[in-house]
Amino acid sequence: MPDTVPPQIAERARWLREEIERHNYNYYVLDRPTIPDADWDRLFAELRALEAQYPQLATPDSPTQRIGAPPRADLAAVRHAVPMLSIRSETDATAQAAYAFDARIRRELGLSVKDPPVEYSAELKFDGLAINLRYEEGVLVLGATRGDGMTGEDVTANVRTIRQIPLRLHTPQPPPVVEVRGEVFIRREDFERLNAQLQAQGEAPYVNPRNTAAGSVRQLDPAVTARRPLSFFAYGIGEVVGWELPPTHSALLDQLARWGVPVNDLRAVVYGGQGLAAYYQRIITLRQHLPFDIDGVVYKVNALAWQQRLGFVTREPRWACAHKFPPQEATTTVLDIEVQVGRTGAITPVARLAPVFVGGATITNATLHNEDEVRRKDVRIGDTVIVRRAGDVIPEIVGVVLERRPPHTQPFRMPSRCPVCGSRIERPEGEAVARCTGGLYCPAQRKQALLHFASRRALDIEGLGEKLVDQLVDSGLVRDPSDLFKLDVPTLAALERMGEKSAANLVAAIARAKETTLERFIYALGIRHVGESTARDLARHFGSLDALMAADEAALLQVPDVGPVVAASILRFFAEPQNRQVIGKLRAAGLRWPEGGPQSARACGPLTGKTFVLTGTLPGMTRQEAAARIEAAGGRVSETVSKKTDYVVAGADPGSKLLRARELGVPVLDAEAFKRLLEG
DNA sequence: GATCCTCGAGTTCC
DNA sequence: CTCGAGGATC
């Protein structure tokens with residue numbers, strides 16, 4: 001291999017790199033190819049040949065590096081120089097949120113009615129994956145995902161394969177360091193084409209564009225990412241060294257565009273709440289005609305000096321807000337209304353729907369909750385209904401399109417007998433839920449009881465899912481939870497879709513579950529009205545299973561949050577000879593947990609008397625560990641946010657609890673503040 | 001007796 | 001996530 005590159009070869013390689021990048025930019029960013037594909041191929045082949053001959057020419061910013069970097073064993077963690085914050089979002093379906101945001105900004109800036117309207121940068125909110133691109137001396141040196149905001153994953157090799165992302169910034173000369181932040185996403189058309197291709201190859205298609213983009217960037221093998229038609233738009237910056245920033249956010253994006261970074265041109269500079277609302281309305285009508293999915297718009301105070309004055313609340317900038325679009329709706333038809341039997345025998349009507357794609361997923365089922373709900377909406381088999389995928393996940397039938405109701409439909413009627421076991425269905429006076437009276441005689445209830453027993457928060461038996469429980473119960477191998485501990489590998493391996501390996505794994509998981517805690521065991525029993533929280537209180541109060549089983553009503557009523565209804569339910573459960581027998585068999589099978597005496601009140605510490613609610617993921621700590629530490633310090637952990645909550649601890653990717661906390665004015669702690677509080 | 005705070009239970013899709 | 005209902009509180 002020659003050590004030195006002849007100057008004319010080096011010059012030729014440099015020219016080829018620039019030429020190819022220029023054509024890439026015209027083709028992928030501007031959508032205006034300037035040379036035929038065949039010519040591009042020739043340039044590319046020539047450059048690759050030169051680099052093969054003189055490997056020192058294969059610099060990290062060479063277009064050939066967009067593919068062919070070796071797969072990595074895992075993605076390394078990268079600490080962001082400047083945290084990648086999330087942005088506060090409003091889901092108000094009207095333009096109202098735009099005015100509310102403007103009013104808040106004016107108030108916080110101390111502006112009076114006499115002051116002119118605030119200038120904003122309004123932009124699209126892309127539905128993809130947030131990425132940080134670090135350029136040093138204009139060369140792309142690092143690409144990282146957002147991760148938890150502080151630490152992301154190194155996806156440099158993958159990001160290099162995205163042709164819209166420049167490997168080298170254009171002139172005018174970029175500063176020593178600039179981090180570009182933006183969203184990697186996929187166009188609808190590209191998504192469809194990719195899926196057709198995957199299906200043709202017999203592979204599973206992706207469900208929605210967002211997942212495709214995220215999944216493609218977080219690939220281990222850059223060659224796979226290279227084959228994905230990903231797009232990119234920048235929306236901001238991270239760390240900057242040696243660049244005197246322009247006065248406004250919009251000018252900043254203009255500069256990024258001049259450097260060759262794709263910036264969407266549906267952004268606008270608007271004035272006041274009215275300007276924001278008008279932008280929102282304009283985009284909402286444009287939405288369906290856009291070649292990509294967006295889930296809303298983003299408003300930012302344009303003047304960087306004002307942004308600085310407004311600052312941050314916990315993890316969110318005060319100067320920006322996302323205004324999400326109303327949940328997506330679609331119409332479909334009701335194929336059937338079936339009823340399901342739950343663990344407690346609750347009968348739930350469920351609508352089977354003709355598959356329909358709403359809000360990024362195909363919906364085939366939607367719960368109708370209970371008899372009253374079906375009657376209120378008067379959903380019938382054959383009806384055309386509007387379904388909505390509200391907020392995030394759970395689909396909901398919004399209503400029936402009565403004009404399209406076919407003739408001769410019948411109102412839904414609750415069956416009088418359980419479809420699974422044939423027992424009578426009863427609906428107690430004044431209650432909303434109808435129940436199968438079959439108890440554990442009903443196979444459906446027995447299966448649900450087993451699934452509950454094995455669930456993560458109970459005994460946590462990994463691998464014991466619905467299909468398997470169906471087989472175990474139907475074959476008669478398992479009648480109650482204690483039978484699980486008698487299963488062996490040959491018996492299991494004889495079942496459908498079960499090999500030696502899975503059977504051995506399951507047996508091991510079952511054996512592992514024998515070592516448990518009293519609260520988990522009590523919860524696993526599935527006593528009505530005794531959930532996770534009550535099980536913990538009972539375990540603490542009585543200290544041992546025998547003490548709990550021996551307790552009378554008066555003793556049970558001493559436990560916090562246990563009243564007459566819950567006490568009666570517990571007494572009824574332990575009075576049942578069959579239940580006592582199963583407990584005996586479980587103990588004989590070797591189920592064990594540490595037992596102590598009754599523990600009196602909670603530990604005392606700096607947090608005594610304080611109630612916490614956790615949401616999102618905390619770095620370096622599981623939810624359980626965080627809860628344990630709060631309790632060790634004398635605090636209480638609750639599941640729901642209310643006025644009585646003292647602190648909400650928000651980790652990365654927080655849920656609706658954070659919104660509720662803000663509504664109620666409950667103080668919110670981020671991971672850092674939480675740690676400080678724990679340490680006193 | 002009314003109201004508020006919680007917990008329990010059921011559900012969907014990847 | 002949402003609804004229903006039990007428990008606590010005033």
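Naming convention: chains lettered A, B, ... in sequence-line order (proteins, then strands); numbering from 1 in each chain. Keep in mind it's a predicted model, so treat the numbers as computed, not measured.
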A:T364 side chain near B:dT12 phosphate (N/O to OP1/OP2, under 4.0 Å): no
Selection from C:dG6, B:dC7, B:dC5 that lies nearest to any side-chain heavy atom of A:T640: B:dC7
ring-ring contact (aromatic ring centres under 6.0 Å, His included) against A:F292, all qualifying residues, sequence neighbours excluded: A:F126, A:F185
Under-4.0 Å side-chain N/O to phosphate OP1/OP2 contact, A:Q340 with B:dG10: no
Touch class at under 4.0 angstrom, heavy-atom based, for A:E532 against every strand present: sugar-phosphate
Contacts of type ring-ring contact (aromatic ring centres under 6.0 Å, His included), residue A:Y523, not counting sequence neighbours: A:H452
With A:I386 via side-chain contact (heavy atoms from CB on, under 4.5 Å) - residues at least two apart: A:E329, A:T331, A:V398, A:V401
Atom-to-atom span, CG of A:N365 to C1' of B:dT11 - whole angstrom: 10 Å
Among B:dC7, B:dC5, B:dG10, the nucleotide that comes nearest once only the side chain of A:S642 is considered: B:dC5
Protein-nucleotide distance (A:D537, atom CG; B:dC7, atom C1'), rounded to Å: 11 Å
Contacts of type salt bridge (Lys or Arg N to Asp or Glu O under 4.0 Å), residue A:K125, not counting sequence neighbours: A:D295
Contacts of A:R424 that satisfy side-chain contact (heavy atoms from CB on, under 4.5 Å) - sequence neighbours left out: A:R417, A:E426, A:T437
Residues in contact with DNA chain C, drawn from residues 431-445 of chain A - heavy-atom cutoff 4.0 Å: A:E431, A:A432
Whole angstrom value for the distance that separates P of C:dC1 from CG of A:L368: 21 Å
Residues which pass side-chain hydrogen bond (donor to acceptor under 3.5 Å, both in side chains) with A:E371, listed by chain and number, not counting sequence neighbours: A:R375, A:R427
Minimum-distance nucleotide to A:S638 side chain [options: B:dG10, B:dC7, B:dT12]: B:dC7
Between B:dT12 (P) and A:E396 (CD): distance, integer Å: 13 Å
Spacing of A:K643 atom NZ relative to B:dC4 atom C1', expressed in whole Å: 8 Å
Length of the line joining A:I397:CD1 and B:dT12:C1', which is rounded to integer Å: 13 Å
Any pair counted as salt bridge (Lys or Arg N to Asp or Glu O under 4.0 Å), so long as it reaches residues 548-565 of chain A, sequence neighbours left out: none
Non-neighbouring partners of A:D646 that pass side-chain hydrogen bond (donor to acceptor under 3.5 Å, both in side chains), sequence neighbours left out: none
Rounded distance in Å - NE2 (A:H529) to P (B:dA9): 7 Å
Presence of A:N370 side-chain N/O under 4.0 Å of C:dC3 phosphate oxygens OP1/OP2: no
Short side-chain N/O contact to B:dA9 OP1/OP2 from A:T344, under 4.0 Å: no
Phosphate OP1/OP2 of B:dT11 contacted by A:T348 side-chain N/O (<4.0 Å): yes
Below 4.0 Å: OP1/OP2 of B:dG8 and any side-chain N or O of A:T534: yes
Of the listed nucleotides B:dA9, B:dC13, B:dT12, the one nearest the side chain of A:R343: B:dA9
Can you name the atoms? Protein N/O to nucleotides 8-10 of chain C N/O, anything below 3.5 Å, with the distance.
unit_1 : atom_1 : unit_2 : atom_2 : d
C:dA8  : OP1    : A:D561 : N      : 3.3

Sidechain-backbone polar pair: A:R343 side chain, A:G526 backbone, donor-acceptor under 3.5 Å: yes
Residue-level proximity of residues 565-573 of chain A to DNA chain C when a heavy atom falls under 4.0 Å: A:V565, A:V566
Listed partners of A:E338 passing salt bridge (Lys or Arg N to Asp or Glu O under 4.0 Å), at least two apart: A:R352
Integer-rounded Å distance: B:dG10 C1' and A:H452 NE2: 13 Å
Side chain to side chain, A:L194 and A:D190, heavy atoms closer than 4.5 Å: no
Non-hydrogen side-chain atoms of A:Y647 and A:I630 separated by less than 4.5 Å: no
Full working for salt bridge (charged side-chain N to carboxylate O under 4.0 Å, His left out) between A:E373 and A:K377: CA-CA 6 Å; A:E373 173 88 2; A:K377 290 181 176 163; 2.8 Å; yes
